[in-house]
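First comes the structure, then the notes that go with it.
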Amino acid sequence: MRTRYAPSPSGTLHIGGARTALFSYLFAKHHEGQFVLRVEDTDRARLVEGSESALMRSLRLLGIHWDEGPDLEGPLGPYRQSERLALHQQYAEQLLKGGQAYRCYCTPEELKQAREARMAQKLPPRYMGTCRNRLAEDPIHTSGQPYVIRLKVPLDGVTVVDDLIRGHVTFENSLLDDFVIMKADHTPTYNFAAVIDDWGMQISHVTRAEEHLSNTPKQILVYQALGFDLPQFAHIPMVLAPDRSKLSKRHGATAVEEYLDQGILPQALVNYLLLLGWSAPDGREFMTVADAVPLFTLERVQHTAAVYDQKKLEWMNAQYLKALPVTEIVAAVTPFVEKLGISWGQGPTLDAGVALARERAHTLVDLAQAMKFLWERPQAFDPKGVQKHFTPLEVPIRLEALAEALERSDTAAWTHDGIMEVFDAVAKNLDIKRAELIHPCRLALTGVTVGPGLFELVQVLGPQETVARLRQVATNLREGALKGSQS
RNA sequence: GGCCCCAUAGUCUAGAGGCCUAGGACGCCGGACCCUCAUUCCGGAAACAGCGGUUCGAAUCCGCUUGGGGCUACCA
């Protein structure tokens, strides 16, 4: 079995494309076949610089690996459609000679007019067929006028698409028109190039998004005209934006890269994508791509288009953030920490920071932000927190008492429980509840009122820094420097 | 407009005639725990689009309607 993913390098890889690629890949691998990456770059106008390599990078990060592709030449290459032009032209010529295709000299203006006229009459906008029956002797052929090549589509009968997911789908040939297979610039159109390349690359199962189901009868006609054996087809449902329309830039983040930039782990993203239109036989939701290979079958692919849900994606990411080994998370979060301009060389390790903060982060951005206080003293204190926890006049005294007790405590006792004991002792001494110590302390140390448990936080921050911050805040409070501090 | 595909809660899904008073997940609401937030745990609201058939019996089969999506380019 051989499948393929054939994106056009006209932008970034959006999650719909990634999901289609993933399913094609899993389908091939489940049957121990090959997965091919072919870049469909025939439309030079839509070509976007660098998008081919961006596409490949995104695919790789998701763990979707091709056996043959533009960067991994195999025996059936080249794998960039533009480099197969000679082949396309050769087959177009063959169809011309065989009379299954013809040159069409109609101008775009003429076609547009004819189309609009038919639309006005509420007729399907079919090519009118002006050039279909031109004689070989027609002087226009030697006139040097630009032309396209059209396939001569049967005027009656039906073309049946035998789809692995959709079943038998029947199309009336009379509703198809003589579509263009070679443009005026002598490059092939999608429906022509795709056939020649799929056949040439010996793709046994054409798995692609459902938007191509309507194109399939046209392609089958090309297969037949060329005398090629038909592959199997499987049309995978689309991924829709939350408003149920086709994915586009206006829907915010839709590209794999953007999600990665938002701090979604590729493992979480691909796991989420896997659940969009497919479910495991045993209903489990957490899987790696490798886990899914033995489980993946087309029978379990949904027929309905799926709407992606950012909330569930983030939830899944949070699960990975909690479950993956700390070292992996550290590696993943490091660029995000750097982006925040944090220098973590001194003080707590990133490992300790990740272990401390990962439980309540949804994205790597959250995580980096939540660790920031470990290496940077708070520049500002949450106003509501200040009002609530810094207002009592005893606060400076309490913080200083705490600082002193912590300073005096045995470094060997610098553990969660050891620190808790110090807090309890100070609270008892001051005749207050432990919470009355904890809240101002967290605010003094981190600048905010939410975050990790205080004792583990203090433990990671370390004795010296903790004591220094407490004293600094106590001093500032006493001098009124923090009163009404807004930002 | 024409052609094609699709239809279980807000979202992702389980379900292939009786196991369904429709199961799970996210989200939402409430509660427990707690030093806050988050996590975790417990509980709750929430769906078979509608109408006709077929059948002893229909979420499951058929038809129609409605709704959504796709295609209808010298884009892919």
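Keep in mind that this is a model prediction, so the values were computed, not measured. By convention in this document, chain letters (A, B, ...) are assigned in the order of the sequence lines, proteins followed by strands, and residues within each chain are numbered from 1.
- Only the P atoms considered, B/C42 is 10 Å distant from B/A25, to the nearest whole Å.
- Less than 4.0 Å separates RNA chain B from at least one heavy atom of each of the following residues of residues 3-23 of chain A: A/Ser8.
- Within residues 41-53 of chain A, the residues having any heavy atom closer than 4.0 Å to RNA chain B are, in order of number, A/Thr42, A/Asp43, A/Arg46.
- If A/Gly451 and A/Ser214 are placed on RNA chain B by their nearest nucleotide, the residue sitting closer to the 5' end is A/Gly451.
- Listed by residue number, A/Leu275, A/Leu276, A/Gly277 are the residues of residues 268-278 of chain A with a heavy-atom contact under 4.0 Å to RNA chain B.
- The partner of B/C26 is B/G10, judged by Watson-Crick or G-U wobble contacts that both fall below 3.5 Å.
- Straight-line distance between the C1' atoms of B/G27 and B/G10: roughly 8 Å, to the nearest whole Å.
- Within the shown strands, B/G50 is the pairing partner of B/C64 under the Watson-Crick or G-U definition, both distances less than 3.5 Å.
- Shown here, B/C71 forms a base pair with B/G2; the pair counts as Watson-Crick or G-U wobble because both key distances fall under 3.5 Å.
- Among residues at least two apart or in separate chains, side-chain hydrogen bond (donor to acceptor under 3.5 Å, both in side chains) pairs with a member in residues 421-443 of chain A are A/Asp424-A/Arg434.
- Nearest-nucleotide assignment on RNA chain B puts the 5′-proximal partner with A/Arg244, out of A/Arg244 and A/Asn191.
- Remark: B/G17 base-pairs with no nucleotide in the shown strands. Criterion, Watson-Crick or G-U wobble with two distances under 3.5 Å.
- With hydrogens and angles ignored, the 3.5 Å screen pairs no side-chain donor or acceptor of A/Glu83 with any backbone N or O of A/Pro78.
- When RNA chain B is scanned in the 5' to 3' direction for atoms under 4.0 Å from non-hydrogen atoms of chain A, the outermost contacting nucleotides are B/G1 to B/A76.
- B/A59 and B/G2 have their C1' atoms separated by 32 Å, with the value rounded to a whole Å.
- For the segment residues 168-175 of chain A, residues with any heavy atom less than 4.0 angstrom from an atom of RNA chain B are, sorted by number, A/Val169, A/Thr170, A/Phe171, A/Leu175.
- Relative to the six-membered ring of A/Phe23, A/Arg19 meets both conditions, a distance below 6.0 Å and an angle of at most 45° to the axis.
- Counting heavy-atom neighbours within 6.0 Å of A/Arg44 CZ, excluding the residue itself, gives a total of 12 or less.
- Rounded to the nearest Å, the gap between the P atom of B/C62 and that of B/C5 is 13 Å.
- Pair assignment for B/C37 gives none, since no Watson-Crick or G-U wobble pairing has each distance under 3.5 Å.
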